[in-house]
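Okay, so here's the structure we're looking at.
Counting from 1, the numbers follow the sequence of the chain as shown. It should be emphasised that the depicted structure is a prediction, and the values quoted were computed from it without experimental measurement.
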Amino acid sequence: MKTLIDLTHFIRPGASQRKFLTETIGADTVNHNVVRDKNQWYIMTNIQMVSHIATHIEVPYHLFPNGKDLASMPIETFCGQAVLLDFTSIQTRIGITRNTAIQAAKKAGGIHPGDIVLCNCL
């Protein structure tokens with residue numbers, strides 16, 4: 001039996017090192033033709049953020065101008081056996097070297113063709 005693991009990592013404005021801002025607005029700010037009952041609470045949220053924040057997927061386009069972006073990759077690409085690499089001991093803002101990644105992979109039991117590599121950097 002397969003196990004699904006929720007990788008959600010909540011982000012909160014002001015709690016990230018990268019841009020993440022929210023602004024609660026009335027729906028009528030977005031569309032002046034919104035029809036609602038008197039005193040009906042109907043809000044929306046403007047969000048400004050970078051895509052490279054919290055739980056996210058790295059795709060070739062992140063590093064290569066002609067690489068595939070997320071929308072062009074089939075969903076099956078993201079289903080399979082997972083290998084978790086633990087980088088939690090690395091100080092913030094210090095790059096992960098190839099050797100560090102190799103050592104983390106060895107500790108995790110190795111990476112095999114088709115494996116989905118997850119990195120814990122928190």
Side-chain angles (χ1 to χ4, degrees):
M1 180 175 185
K2 304 280 182 184
T3 302
L4 297 178
I5 300 171
D6 182 358
L7 299 176
T8 302
H9 173 73
F10 292 99
I11 53 176
R12 291 171 181 79
S16 173
Q17 294 178 351
R18 303 207 171 146
K19 183 179 183 176
F20 180 66
L21 307 169
T22 62
E23 174 192 19
T24 302
I25 59 172
D28 54 350
T29 303
V30 177
N31 181 349
H32 298 291
N33 297 318
V34 169
V35 177
R36 59 183 170 187
D37 294 335
K38 183 178 180 182
N39 297 323
Q40 179 185 9
W41 178 255
Y42 186 39
I43 64 162
M44 294 184 167
T45 304
N46 280 333
I47 299 172
Q48 292 182 13
M49 63 184 284
V50 296
S51 61
H52 206 91
I53 190 171
T55 303
H56 64 277
I57 298 170
E58 295 289 359
V59 295
Y61 183 67
H62 179 64
L63 297 172
F64 306 105
N66 296 320
K68 287 186 177 182
D69 66 6
L70 188 60
S72 65
M73 298 183 74
I75 191 72
E76 294 81 14
T77 304
F78 308 104
C79 299
Q81 292 295 112
V83 175
L84 177 63
L85 304 187
D86 183 3
F87 297 116
T88 56
S89 64
I90 296 175
Q91 297 176 359
T92 303
R93 298 202 170 267
I94 293 180
I96 297 170
T97 65
R98 184 175 197 273
N99 188 51
T100 303
I102 289 169
Q103 294 305 314
K106 284 181 183 176
K107 286 182 184 176
I111 299 172
H112 306 287
D115 283 352
I116 296 172
V117 178
L118 307 173
C119 300
N120 186 0
C121 302
L122 294 177

Is Phe87 atom CZ crowded by more than 12 heavy atoms from other residues, nucleotides or ligands, each under 6.0 Å away?
yes

Within a 6.0 Å radius of atom CZ on Phe64, are there more than 12 heavy atoms belonging to other residues, nucleotides or ligands?
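At most 12 heavy atoms, drawn from other residues, nucleotides or ligands, come within 6.0 Å of this atom.
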
Within one Ile-Leu-Val-Met-Phe-Trp-Tyr cluster: [X] and [Y], side-chain cutoff 4.5 Å:
| X | Y | value |
| --- | --- | --- |
| Trp41 | Met44 | no |
| Ile43 | Leu21 | no |
| Ile25 | Tyr42 | yes |

Can you name the residues that form a side chain to side chain contact (heavy atoms under 4.5 Å, CB included) with Leu84, not counting sequence neighbours?
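Listed in chain order: Leu118, Asn120.
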
Side chain to side chain contact (heavy atoms under 4.5 Å, CB included) partners of Thr22, counting only residues at least two apart:
Pro13, Phe20, Thr45, Ile47

Pairing residues for [X] by the side chain to side chain donor-acceptor pair (under 3.5 Å) criterion, not counting sequence neighbours:
| X | value |
| --- | --- |
| Asp115 | none |
| Ser89 | none |
| Gln40 | none |

Determine all donor-acceptor pairs shorter than 3.5 Å in which one atom belongs to a side chain in residues 65-74; sequence neighbours excluded.
{"from": "Asp69", "atom 1": "OD1", "to": "Ala71", "atom 2": "N", "distance (Å)": "3.4"}
{"from": "Asp69", "atom 1": "OD1", "to": "Ser72", "atom 2": "N", "distance (Å)": "3.1"}
{"from": "Asp69", "atom 1": "OD1", "to": "Ser72", "atom 2": "OG", "distance (Å)": "3.1"}
{"from": "Ser72", "atom 1": "OG", "to": "Asp69", "atom 2": "N", "distance (Å)": "3.3"}
{"from": "Ser72", "atom 1": "OG", "to": "Asp69", "atom 2": "O", "distance (Å)": "2.9"}

How close do Cys121 and Ile96 get, counting heavy atoms only, and between which atoms?
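For Cys121 versus Ile96, the nearest heavy atoms are SG-CD1, 4.1 Å.
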
Result block: side-chain N/O donor-acceptor pairs under 3.5 angstrom for residues 100-111, not counting sequence neighbours:
{"from": "Thr100", "atom 1": "OG1", "to": "Thr97", "atom 2": "OG1", "distance (Å)": "2.7"}

